[in-house]
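Beneath this line is the structure, given in structure tokens, with notes to follow.
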There are 2 protein chains.
Amino acid sequence: MIKQNILVAVDDVIFTIINDKLEVLLVKRWVEPFKWQWAIPGGFVLDNESLDEAAYRELKEETNISDVYLEQLYTFGDPNRDPRGHVVAVSYLALTPREKVSLKAGSDAQEAKFFPINKLPKLAFDHKDIIKLALERLRGKLTYSNIAKFLLPEKFTLTQLQKVYEIILERELDTRNFRKKIEKLWIIEPTWEKEVGVNHRPALLYKFKHDKLVYLHEFL
Amino acid sequence: MIKQNILVAVDDVIFTIINDKLEVLLVKRWVEPFKWQWAIPGGFVLDNESLDEAAYRELKEETNISDVYLEQLYTFGDPNRDPRGHVVAVSYLALTPREKVSLKAGSDAQEAKFFPINKLPKLAFDHKDIIKLALERLRGKLTYSNIAKFLLPEKFTLTQLQKVYEIILERELDTRNFRKKIEKLWIIEPTWEKEVGVNHRPALLYKFKHDKLVYLHEFL
DNA sequence: CTAATAGTGTCTCTGAGACACTATCTA
DNA sequence: TAGATAGTGTCTCAGAGACACTATTAG
């Protein structure tokens, strides 16, 4: 076998929606390089784990998570992207509803925080590019898959669903047209339960029909 | 720095159109594992080259190529995909027009051959999955980008262009509707030259307006 | 009954797809 | 002039988007 001087890492772009904003999880680095700068969570792949497993492990090291969607994004392999040497980084997009994620109180007191995607601090490595790519992927899939599912609680109102689309696409949508379209796509169904504890007409709660990611043209 | 027992390789799915069929380049392996089986071209990344460079280098080792489109596809990292050990493979999609590719007479007499994608032999590793993925990517991009450019010569007729779409999508298209659509997309322009040497009405030759890949919604 | 949000239908315009004939060139 | 392929227009139908009012609940 040949000898190679390259390391393999994974990096996770973890998105969630908090207070009507799309936010991404960043951790403050406490080792060189880029010490004290913010970065997306990540780390080296273990010898006998798959890339998906590594991405999931890194995610759990930063957050207590009960449910998450993970998808490989792109692999960055420029020999100069890490000053320590040649590190190939396999990036992942992770989505989770706000309710199902909480940050770990790190034993090493590592700081981790969600930042709105339009108020990011200076980032280590090429992590700014990675987040940009993740956002583009998410925007793209929003229109031809049920990916919004992974940012919402099990049961949700149509208004909540529409809001997810508006936040990510960064434009307002017409309520009537939005509902017509969603209905035809046939990806959600009513639970016949109603919202409780609101001081106005309560909305019907819906849920997604499919647990995993599905592409919409399979339905049409 | 940590110590890792993982190697990084690149694999190229090289598509071209030959005799109205989409074909992929395969090489016969002459070393273990999978000795004497067909595989897509690939190899280990060098310490100081980027992944794109490695993909391009592997491609040139098999073919004399004057022009090629290269795009990263997906990274496969299951620890068991290679019996020799943990090899992370970054796969690439490569497209080239038939005229611009010729196979090298390998000094080590390595056999390399184009196979129609629906008549593939048994393949080494997970290369069947990689080719499947490459084909899906190509099909997808066909409808929302000018990717067909990279399978055609500089100047081409509308019939040739339509044929590329029909071959890859595996269905016949209506000539009038196809032309209306292409015209509106505004991605090709007539050269005002005509086809020569045909025994029927010669067609106008067109060329793509853009040299690199462009996505269509940027135009609408 | 007021405040607040849920929920719904119609019209217009544009794009997709079905479909058949005339034009131009070579031999 | 025969053979072969290039090149073109219309109609219908479906989906997208603009747009405003009524329904239901809590307090």
Side-chain angles (χ1 to χ4, degrees), chain A residues 19-20 139-140 142-145 148 152-153 155-207 215-220, chain B residues 19-20 139-140 142-145 148 152-153 155-207 215-220:
Chain A
N19 295 139
D20 289 348
R139 283 205 181 115
L142 207 56
T143 45
Y144 63 87
S145 80
L152 283 165
K155 298 170 185 175
F156 53 88
T157 67
L158 293 177
T159 305
Q160 279 178 291
L161 179 61
Q162 183 178 339
K163 201 86 195 180
V164 168
Y165 276 79
E166 290 180 335
I167 290 165
I168 296 170
L169 298 178
E170 291 186 305
R171 60 191 169 95
E172 297 195 341
L173 301 173
D174 178 272
T175 304
R176 281 167 292 188
N177 294 338
F178 179 77
R179 290 178 181 215
K180 264 187 295 179
K181 190 164 174 175
I182 289 291
E183 187 178 20
K184 271 212 293 228
L185 291 178
W186 199 248
I187 54 175
I188 64 171
E189 58 191 6
T191 64
W192 305 114
E193 291 173 60
K194 282 179 185 166
E195 221 181 353
V196 290
V198 291
N199 68 335
H200 57 263
R201 174 172 175 181
L204 252 182
L205 291 169
Y206 287 77
K207 62 178 181 179
Y215 293 98
L216 296 185
H217 50 268
E218 294 179 8
F219 294 88
L220 305 180
Chain B
N19 295 140
D20 288 349
R139 281 204 183 116
L142 207 56
T143 45
Y144 63 86
S145 79
L152 283 166
K155 296 170 186 175
F156 53 88
T157 67
L158 292 177
T159 304
Q160 279 179 290
L161 179 61
Q162 182 177 338
K163 201 87 195 180
V164 167
Y165 277 78
E166 290 179 334
I167 290 166
I168 296 170
L169 299 177
E170 290 186 307
R171 62 192 168 94
E172 297 197 341
L173 301 173
D174 179 273
T175 304
R176 280 167 293 187
N177 294 339
F178 179 78
R179 289 176 183 217
K180 263 188 296 180
K181 190 163 174 176
I182 289 290
E183 186 178 20
K184 271 213 292 229
L185 291 178
W186 200 247
I187 55 174
I188 64 171
E189 57 191 7
T191 64
W192 306 115
E193 292 173 59
K194 282 180 184 164
E195 221 181 355
V196 289
V198 291
N199 68 336
H200 57 263
R201 173 173 175 181
L204 252 182
L205 292 168
Y206 288 77
K207 62 177 179 180
Y215 293 98
L216 297 185
H217 50 266
E218 294 180 9
F219 293 89
L220 304 179

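Proteins come first, then strands; the chains are lettered A, B, ... in the order of their sequence lines, and each starts at number 1.
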Starting at [atom1] of [X] and ending at [atom2] of [N], how long is that distance when rounded to a whole Å?
X: B:Phe156; N: D:dA6; atom1: CZ; atom2: C1'; answer: 16 Å
X: B:Glu195; N: D:dA6; atom1: CD; atom2: P; answer: 7 Å
X: B:Gln160; N: D:dA6; atom1: CD; atom2: C1'; answer: 13 Å
X: B:Lys184; N: C:dG17; atom1: NZ; atom2: C1'; answer: 12 Å
X: A:Lys194; N: C:dG7; atom1: NZ; atom2: P; answer: 9 Å
X: A:Leu205; N: C:dA6; atom1: CG; atom2: P; answer: 11 Å
X: A:Ile188; N: C:dG7; atom1: CD1; atom2: P; answer: 11 Å
X: B:Glu193; N: C:dC25; atom1: CD; atom2: P; answer: 15 Å

(request) Tell whether B:Arg201 reaches the base of D:dA4 with its side chain through a donor-acceptor pair below 3.5 angstrom. (result)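 A donor-acceptor contact between them is absent.
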(request) Answer with yes or no whether A:Lys180 presents, from its side chain, a donor or acceptor under 3.5 Å of a partner atom in the base of D:dG17. (result)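 Under the 3.5 Å cut-off, the side chain and the base do form a donor-acceptor pair.
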(message) Taking 4.0 Å as the cut-off, does a side-chain nitrogen or oxygen of B:Arg179 come that near to OP1 or OP2 on D:dG7?
(response)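 So the side-chain polar atoms of B:Arg179 do come within 4.0 Å of the phosphate oxygens OP1 or OP2 of D:dG7, strictly under.
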(request) Report the secondary structure of DNA chain D in dot-bracket form, marking unpaired bases with a dot and bases paired to a different strand with |, and treating Watson-Crick or G-U pairs with both distances under 3.5 Å as paired. (result) |||||||||||||||||||||||||||
(message) Please classify the nucleic acid contact of A:Thr157 as base, sugar-phosphate, or nothing, using heavy-atom distances under 4.0 Å.
(response)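 If one applies the 4.0 Å heavy-atom cut-off, A:Thr157 turns out to touch nothing in the nucleic acid.
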(request) Verify side-chain contact (heavy atoms from CB on, under 4.5 Å) between B:Lys163 and B:Leu173, making sure each step is shown before the conclusion. (result) CA-CA 9 Å; B:Lys163 201 87 195 180; B:Leu173 301 173; over 6 Å; no
(request) Go through B:Phe156 and B:Ile188 one step at a time and tell me if the side-chain contact (heavy atoms from CB on, under 4.5 Å) criterion holds. (result) CA-CA 10 Å; B:Phe156 53 88; B:Ile188 64 171; 4.0 Å; yes
(message) Evaluate A:Leu161 against A:Phe178 for side-chain contact (heavy atoms from CB on, under 4.5 Å), listing each step before the verdict.
(response) CA-CA 10 Å; A:Leu161 179 61; A:Phe178 179 77; 3.9 Å; yes
Does a side-chain heavy-atom distance below 4.5 Å link [X] with [Y]?
X: A:Leu205; Y: A:Thr157; answer: yes
X: A:Tyr206; Y: A:Thr191; answer: no
X: A:Gln162; Y: A:Asp174; answer: no

(message) So does A:Gly140 get a backbone contact from the side chain of A:Thr143, meaning a donor-acceptor N/O pair under 3.5 Å?
(response)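 Yes; at least one donor-acceptor contact below 3.5 Å.
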(request) Residues of residues 167-177 of chain A with any non-hydrogen atom less than 4.0 angstrom from an atom of DNA chain D: list those, numerically ordered, please. (result)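 Per residue number, the list reads A:Asp174, A:Arg176, A:Asn177.
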(request) Could you grab the distance from atom CD of B:Gln160 to atom NZ of B:Lys155, nearest 0.5 Å is fine? (result)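 With rounding to 0.5 Å, CD (B:Gln160) is 12.5 Å from NZ (B:Lys155).
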(request) May I ask you to check whether over 12 heavy atoms, not counting those of B:Glu183, lie within 6.0 Å of atom CD? (result)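 Result for CD/B:Glu183: open.
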